Amino acid sequence: MKLIDNQANIQAIRKISSQFQTVSMEIDELLSMVINTAAEIVGTRYASLLLVQDEKTKKLQYYQSSGHHMGELKDIEIPPGVGIAGTVSKTGRMIVSNDVQNDKRWYKKANEEGHVEVKSIACLPLILDKKVIGVIQFRDKTSGEEFSEQDIDVLGRFANMIPNFFQASQSRRALGQEFDRLKEKYMRRYTIVGESEAIQKCVTLAERLANSKASVMINGESGTGKELFAHLIHDRGPRQTRPFVSVSCGALPASILERELFGHEKGAFTSADSAKIGIFEAADTGTLFLDEIGEMPLDMQVKLLRVIQEESFIRLGGTETIKVDVRIITATNRDLEEMVREGTFRQDLYYRIHVIGITLPSLRDRREDIPDLVTYFLKKNTPEGQPIKKVGKSLRAHLMGYSWPGNIRELENSIERAVVLTDGDELTPDSFPFESQDAPIEVTVGASLKEANDAFRHTFITNTLKSTGGNRTKAAKILDVQRSYLSRLIKELQIS
Ligand SMILES: Nc1ncnc2c1ncn2[C@@H]1O[C@H](COP(=O)(O)OP(=O)(O)OP(=O)(O)O)[C@@H](O)[C@H]1O
Ligand SMILES: [Mg+2]
């Protein structure tokens with residue numbers, strides 16, 4: 001089974017992002033709420049939070065203080081071991097002093113209220129992963145009383161809470177950055193480059209289909225963007241936050257494909273030592289992308305049809321009917337109608353999954369998009385901070401003249417390769433060593449007319465097939481012959 005990892009990432013990203021946005025309170029707001037609540041409960045006049053600024057000097061600096069402008073406090077630095085706060089941060093042990101003026105550890109200069117007579121102080125360390133990250137201090141109870149044991153207990157609880165908030169906020173910040181990075185990386189996958197009418201028609205159709213649950217079949221030569229469009233349809237529709245699960249039907253033998261699709265109960269077959277959910281269950285409420293549907297064996301086609309019709313199935317070895325709500329998108333580069341005619345693809349299934357079809361154009365049918373795609377892939381494949389290589393005029397013609405049998409994937413790969421292998425700041429045709437467009441027809445004098453004729457037909461048909469990416473129906477259309485006749489010629493002339 002080929003699950004698309006990127007999709008899992010995107011789902012994770014979406015989840016993180018929505019949580020990220022719902023927890024809107026910033027760490028500073030949270031901290032000020034915490035220390036003010038603590039101060040209120042215990043009834044102290046002032047509360048402040050100091051943090052160890054850097055690992056090396058371990059100096060404390062004011063981070064928050066109730067009832068004070070932080071401006072003047074920001075400049076105060078308290079080295080470890082100096083004053084009450086410095087001692088707490090050095091030793092990691094709290095200090096409660098109810099007669100500060102006579103406490104030797106008291107360091108007047110380090111306090112925000114240097115000019116006010118302070119009577120009592122409770123200073124507690126903030127410890128994260130066994131390291132002191134700062135201290136909180138509370139001063140003078142409004143009642144004028146000393147700090148009681150109960151007060152210290154309450155303040156201690158708050159002191160234990162704060163490092164967790166820091167940790168959460170740090171990972172939140174890190175998550176935010178990671179989120180942006182991943183979003184940039186993965187969301188770009190959904191950029192569909194190209195202004196040509198041919199591709200724009202497909203985009204418009206895909207966007208329109210996104211809002212329905214109709215089964216869509218995407219047809220197109222290899223590398224034309226079938227998977228990309230499947231993502232696009234899922235992503236623009238109401239299921240966008242739900243799973244997108246992809247299976248390549250051609251990659252697995254029928255028996256394994258069946259297990260993967262429907263899951264199994266414990267003991268359903270020899271190696272089934274535990275129950276496992278299948279792809280249909282995994283895709284429930286989301287989209288199931290069945291890639292290379294034309295490769296699905298006939299007996300699996302029957303089973304697939306049944307699930308699609310009934311919207312429910314039974315796990316292998318199970319008895320319970322499981323209901324699922326799955327939108328099906330399929331893709332193929334084969335001519336399924338032809339397969340239906342030949343009897344290798346079930347007609348009833350074909351009608352079920354081909355409610356609406358999108359046929360993606362080959363790149364050679366929309367050559368006008370090549371320059372934009374080149375620019376896009378150049379940017380995508382140039383490492384950050386490095387200049388983007390230029391494309392000369394002759395290269396542009398070279399790229400637009402090529403037939404791109406591997407379509408956009410081939411274009412992307414060749415640009416990636418060219419960027420790596422070309423020194424200098426300009427790409428040239430030498431960076432793209434395609435063999436020339438069409439193989440020349442070589443017949444030397446001495447051959448019979450039949451041999452020359454065969455050689456001509458062999459090369460000509462080969463070139464035409466190459467230009468359609470091997471699609472015989474299209475090649476037959478270009479050659480203006482029946483498809484069945486073309487197949488006969490291919491066999492006769494031993495074209496591989
Ligand atoms: N219009 C486009 N703009 C930008 N990138 C595209 C476009 N179409 C395809 N690509 C990129 O080209 C590559 C091939 O696309 P994709 O995998 O969707 O093709 P495919 O039709 O599924 O190919 P295959 O038949 O080989 O499975 C991907 O990297 C995809 O992101
Ligand atoms: Mg594909």
Side-chain angles (χ1 to χ4, degrees), residues 1-7 9-10 182-207 209 216-236 244-252 287-296 328-336 339 353 357-382 399-400 402-419 466 468-471 473-474:
M1 173 176 64
K2 190 187 127 214
L3 282 178
I4 294 174
D5 295 330
N6 288 337
Q7 192 55 31
N9 279 322
I10 288 164
L182 290 174
K183 197 165 73 176
E184 167 73 4
K185 184 168 166 198
Y186 290 110
M187 294 302 171
R188 258 206 315 213
R189 281 175 56 84
Y190 302 102
T191 310
I192 303 220
V193 178
E195 295 300 319
S196 65
E197 207 186 317
I199 199 72
Q200 281 306 319
K201 263 189 188 158
C202 296
V203 173
T204 310
L205 181 55
E207 282 174 343
L209 294 178
V216 181
M217 179 177 290
I218 306 171
N219 213 273
E221 289 174 21
S222 153
T224 44
K226 296 185 289 295
E227 194 169 316
L228 187 71
F229 268 80
H231 279 288
L232 179 79
I233 294 169
H234 173 80
D235 218 57
R236 299 280 159 92
F244 177 101
V245 184
S246 163
V247 204
S248 176
C249 303
L252 298 169
T287 302
L288 173 56
F289 177 52
L290 295 166
D291 204 358
E292 299 176 56
I293 186 76
E295 314 304 317
M296 185 176 268
I328 307 267
I329 301 180
T330 52
T332 182
N333 55 9
R334 309 234 340 222
D335 183 345
L336 281 195
M339 289 179 71
I353 60 180
I358 299 184
T359 302
L360 297 180
S362 64
L363 188 52
R364 88 192 72 81
D365 288 338
R366 54 174 185 118
R367 288 177 199 261
E368 65 266 44
D369 287 337
I370 292 177
D372 284 347
L373 282 160
V374 170
T375 308
Y376 173 71
F377 289 131
L378 266 178
K379 190 163 171 236
K380 191 172 162 190
N381 287 291
T382 302
L399 296 179
M400 287 181 77
Y402 180 58
S403 61
W404 301 106
N407 294 292
I408 303 178
R409 177 173 301 110
E410 186 185 3
L411 176 66
E412 176 166 17
N413 291 346
S414 28
I415 288 175
E416 194 178 351
R417 196 172 46 230
V419 167
K466 212 158 92 187
T468 66
N471 185 318
T473 308
K474 277 194 182 168

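Bear in mind that the values here come from a model prediction, so they are computed numbers and not experimental data. Residue numbers start at 1 and run along the sequence shown. Excluded from the calculations below are hydrogen atoms, water molecules and symmetry mates; all remaining heavy atoms, backbone and side chain alike, are included. Counting starts at 1 for both ligands and their atoms, in listed order.
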So Phe244 and His234, would you call those rings parallel, tilted or perpendicular, with 30° and 60° as cut-offs? perpendicular
Just verifying a value: how many Å separate [X] [atom1] and [Y] [atom2], rounded to the nearest 0.5 Å?
X      : Y      : atom1 : atom2 : result
Thr330 : Leu288 : OG1   : CG    : 10.0 Å
Thr332 : Glu295 : OG1   : CD    : 6.5 Å
Thr359 : Leu205 : OG1   : CG    : 9.5 Å

Within the 4.5 Å heavy-atom criterion, are [X] and [Y] side-chain neighbours or not?
X      : Y      : value
Arg364 : Trp404 : no
Pro371 : Met400 : yes
Asp369 : Val193 : no

Nitrogen or oxygen atoms of [X] and ligand 1 under 3.5 Å apart:
X      : answer
Lys226 : yes
Lys380 : no
Asp291 : no

Check if [X] has a non-hydrogen atom at a distance under 4.0 Å from any atom of ligand 1.
X      : result
Ile199 : no
Gly223 : yes
Leu411 : no

Could you tell me which atoms of ligand 1, counted from 1 in the order shown, lie closer than 4.0 angstrom to a heavy atom of [X]?
X      : value
Val193 : 1 (N), 2 (C), 3 (N), 4 (C)
Arg366 : 1 (N)
Leu228 : 2 (C), 6 (C), 7 (C), 8 (N), 9 (C), 10 (N), 18 (O), 31 (O)
Phe377 : 5 (N)
Tyr376 : 4 (C)

Just let me know how [X] lines up against ligand 1, side chain, backbone, both or neither, with a heavy-atom cut-off below 4.0 Å.
X      : value
Glu292 : neither
Glu410 : neither
Asp369 : neither

From atom 16 (P) of ligand 1, work out which of Gly194, Ser222, Gly225, Cys202 has a heavy atom at the shortest distance. Gly225
When you look at Asn333 and Lys226, which way does the side chain to side chain contact (heavy atoms under 4.5 Å, CB included) test go after all the steps? CA-CA 9 Å; Asn333 55 9; Lys226 296 185 289 295; 4.2 Å; yes
State whether the side chain of Asn471 and the backbone N or O of Thr473 hold a donor-acceptor pair below 3.5 Å, judged by distance alone. yes
Is the number of heavy atoms from other residues, nucleotides or ligands within 6.0 Å of CD (Glu207) greater than 12?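 Yes, the 6.0 Å shell around CD holds more than 12 heavy atoms from other groups.
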